[in-house]
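Below: the structure, in structure tokens.
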Amino acid sequence: MDSKYAVFGQTSEVKANNFKRKKQLVNMPVKKIKLSNDTIIKSELKYQKPQGTKDSNFIKINGGDLFEERRKLPVYMVKGRLMEEIINNNTMILIGETGSGKTTQIPQLIHEQHLEGTCTIAITQPRRVAAITVAMRVAAETNSEIGTIVGYSVRFEDVTSPITKVKYLTDGMLLREAIIDPLLKKYSFIILDEAHERTISTDVLFGIVKLAQKERHQKKLHPLKIIIMSATMDVDAFSKYFENCPVIYLEGRTHPVTIYHSKLKQEDYQYAAVCTIFQLHATTPANHDFLVFLTGQEEIESVMHNIKQISKEAKGPPMRVCPLYAGLPPAKQLQVWREPPAGVRKVVLATNIAEASLTIPRIKCVIDTGVVKQRTWCTSTGAERLSVRACAQAACWQRAGRAGRTAPGAAYRLYTAQQFNERPAHTTPEIVRCPLAPTMLLLIAAGMEPSTFPLIDAPPQDAIQASLVLLKELGAIDSDVTPKLTVLGKKMSAFPVDPKYSKVLLSAPEYGCLEEALSLVAVLSSENIFHTPMHKREEAVKVKQKFLSPLGDHITLLNVFNAYSKAPLKKQWCKENYLNNKNLSHACDIRRQLLSICQRFNMTISSCGSATDQLLKCLLSGLYTNCAWLRVAAASGGAGPGAMGRYATASGAPAALHPAGALHALRPPPPAVLYTELLHTRRSYMVTVSAIQPQWLQQVAPEYARRCRANR
DNA sequence: GAGCACTGC
């Protein structure tokens, strides 16, 4: 009886024979917790029963070949009532768990009844793979060829045609369309799916569709129907935002997951994770695969090393340990999908990528450290910080749910029930914690007024102000009080890159270096092109030397990109040079896209050849707010150890050259530098840096240089 | 002389 693990079921006991709106059941205590106290495993970690877990107040709808499969989906079983609600309401919120079929079925049901009229139904997704695969699925279900009735539109790929009625697209793609037509007149239905993820694009789209619906009504244009689809979430704020629109709940088809909490607080979650893995390993059947949530590459590599050491002597079946994080080359990610031989247990060590982006089959057991690595941004210095912090309750549930995809499962939380209850219910939306200049430029370009634009969660006022000041500085808007787009700003908004980079591109013809600027901006806009595995670090650093430029990291990046473009066998070449083929190939796609926009603007496409000064000046024309100067004490050499690389940014904040950068070893250190980003870890480091001549700033941005001098 | 989670246009 004295169990070290106390158990409580997560499954709802509630059954409802029809769906109802939340308003009608506010006082109903609906979610019951099933308790039992089986002793599961012998444990050094102590687990206890949680105190009063949060009830969610909702009721669910219950409800061979593709058609047969469709008919079994919960959403299909209640389609009559559902369509009635869709017809009667211009806006509604639909809460549906995984497996309810909402994403694939609702657009089809609308189309089957021709409710879209002569217009199209748009369904947004936060991820491109999701948009593509769901569209393919729906095309198969409707027995049509993809790109005809059912299509998709994602960056670099538009598989739609004039007859497309059901169009899946990424949220960012619909946002781009809104710049051209803020009323989104092409569409009679807009379905914003996965709304609980609260991406910046979806958050902005909430406001865009709300205003478009209102204005279309006022102008007596055809009406716009809005459906917000989401997993379980706090709907009150959403319903209020959309003028108290109805909320409908759909039941999902997932399996129950039993939750275990740690009885004591864990000092070291990595250690706790390793302990839990081996406790479970000794007591559960080998065909139960584990999924462990960790925060990053380094942590995964270190835990993997520990597991491999311990497993040599541990009790239990053989183990296959698979790392999984976004930076892992695709070939190595494949291990995760391969079924292990009979009698071998698979243990997947994953970052957040396994929380929503990827679904790993056959996971029976989730081990949740309860932490996540998050990027935050400081308005005053412009520095970014990566920090490990406790994730929100919603994320914990999402992680636990990964154990119940194909069969009942279990989730072991390496934090106490009290710690869980103290966590915020939801992740802070992205829009509240990110640099806003790109979003503000987009909003203004779509004809919106930043100060009155309706957002569910407004970012801090100083963050908005800082972004408007930057846009004014770059010449994209005429005023940071009542911002109107300038001619330059209009062009800038056409490029799907950070406004600083679009400014670089638009200045490039002036410096005769558009060829180089395109390549550089493309590389800077994609992920890290260097691949550095921990155990081969020295080799990787050595190979990098041949691309290194004494002028700095930007020219180094350009050297790599140019060499990649010329390499005949790119995959092989990348492997030999410790480079990331996926990210370099992505950079090539971006370059092509940027080039076509430049051609549309009739820009002169010229090359500066070996006159790299021109390119750096051009880069400065967009990034001139990212300059740093060597401090006098450091320059005179008398400041003792560590003085090298002591710089001050324009805001006066201290910053150092990142040791992995090309300029770090340079003696004497350059008096002035241009950095791409400021990253705060142990100290404030400038990442991706080039040396500049101090007088360039006067030439490129004279007014700013004057203000800078006055402040320094 | 350090170490980048995840998406998206």
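Bear in mind that the values here come from a model prediction, so they are computed numbers and not experimental data. Quick note on labels: first sequence line is chain A, next is B, and so on, each numbered from 1.
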| Taking N and O atoms by type only, does the side chain of A:Glu677 place a donor or acceptor under 3.5 Å from a partner on the base of B:dC4? | yes

| field | Listed nucleotide nearest any side-chain atom of A:Pro496, set B:dA2, B:dT7, B:dC9 | value | B:dC9

| request: Would you indicate which nucleotide in B:dC6, B:dG8, B:dG1 comes nearest to any side-chain atom of A:Tyr685? | output: B:dG1

| said: Just the rounded figure in Å: distance from P of B:dA5 to CG of A:Asn528. | reply: 10 Å

| Any side-chain N or O of A:Ser525 under 4.0 Å from OP1/OP2 of B:dC9? | no

| A:Arg385 CZ to B:dC6 P, straight-line distance once rounded to whole Å | 20 Å

| When all nucleic acid strands are considered with a 4.0 Å heavy-atom cut-off, which category describes A:Ser201: base, sugar-phosphate, or nothing? | nothing

| task | From the options B:dC9, B:dA5, B:dG1, select the nucleotide whose nearest atom is closest to the side chain of A:Val154. | result | B:dC9

| Taking OP1 and OP2 of B:dA5, is either one under 4.0 Å from a side-chain nitrogen or oxygen of A:Tyr325? | no

| Would A:His554 and A:Ser690 count as having a side-chain donor-acceptor pair, cut-off 3.5 Å? | yes

| To the nearest angstrom, how far is A:Arg155 atom CZ from B:dT7 atom C1'? | 12 Å

| request: Please work out if A:Phe495 contacts a base, only the sugar-phosphate, or nothing of the nucleic acid, heavy-atom cut-off 4.0 Å. | output: nothing

| message | Please classify the nucleic acid contact of A:Leu679 as base, sugar-phosphate, or nothing, using heavy-atom distances under 4.0 Å. | response | base

| query | NA contact type, A:Thr295, heavy-atom cut-off 4.0 Å: base, sugar-phosphate, or nothing? | reply | sugar-phosphate

| said: Whole angstroms only, please: what is the CG-C1' distance between A:Leu386 and B:dA5? | reply: 7 Å

| Could you give all pairs that pass the salt bridge (charged side-chain N to carboxylate O under 4.0 Å, His left out) test and reach residues 528-540 of chain A, with sequence neighbours left out? | none

| task | Keeping to residues at least two apart or across chains, list the side-chain hydrogen bond (donor to acceptor under 3.5 Å, both in side chains) pairs with something in residues 429-442 of chain A. | result | none

| said: From the set B:dG8, B:dC4, B:dA5, return the single nucleotide nearest to any side-chain atom of A:Thr351. | reply: B:dA5

| query | Thinking salt bridges, do A:Glu298 and A:Lys373 make one under a 4.0 Å N-O criterion? | reply | no

| Separation of atom CD in A:Gln593 from atom P in B:dC9, rounded to whole Å | 9 Å

| request: Mind checking A:Val388 for me? I need base, sugar-phosphate or nothing, with any heavy atom below 4.0 Å counting as a touch. | output: nothing

| query | When you look at A:Tyr325 and A:Glu299, which way does the side chain to side chain donor-acceptor pair (under 3.5 Å) test go after all the steps? | reply | CA-CA 11 Å; A:Tyr325 48 89; A:Glu299 199 170 282; over 6 Å; no

| task | Pick base, sugar-phosphate or nothing for A:Gln297, based on heavy-atom distances below 4.0 Å to the nucleic acid. | result | sugar-phosphate

| query | What's the CZ-C1' distance between A:Arg433 and B:dT7, to the nearest Å? | reply | 11 Å

| query | Base, sugar-phosphate alone, or nothing: which one does A:Arg537 contact when heavy atoms must sit under 4.0 Å apart? | reply | base

| Which part of the nucleic acid, if any, lies within reach of A:Gln125 when heavy atoms closer than 4.0 Å are counted: base, sugar-phosphate only, or nothing? | nothing

| If you look at every strand shown and take non-hydrogen atoms under 4.0 Å, does A:Arg176 touch a base, only sugar-phosphate, or nothing? | base

| request: Could you walk me through whether A:Phe206 and A:Arg198 pass the side-chain contact (heavy atoms from CB on, under 4.5 Å) test, one step at a time? | output: CA-CA 10 Å; A:Phe206 290 146; A:Arg198 305 294 305 272; 4.1 Å; yes

| remark: Comparing A:Glu527 with A:Val687, nearest DNA chain B nucleotide closer to 5' gives the residue A:Val687

| said: What is the distance, to the nearest angstrom, from the CD atom on A:Glu384 to the P atom on B:dC4? | reply: 12 Å

| note | Against the side chain of A:Met173, the closest entry in B:dA2, B:dT7, B:dC9 is B:dC9

| said: Within 45 degrees of the ring normal and closer than 6.0 Å to the centroid, is that where the cationic atom of A:Arg128 sits relative to A:Phe156? | reply: no

| note | When rounded to whole Å, the CG to C1' distance for the pair A:Leu678 and B:dC4 reads 15 Å

| message | Of the options B:dT7, B:dC9, B:dC4, whose atoms approach the side-chain atoms of A:Lys373 most closely? | response | B:dC4

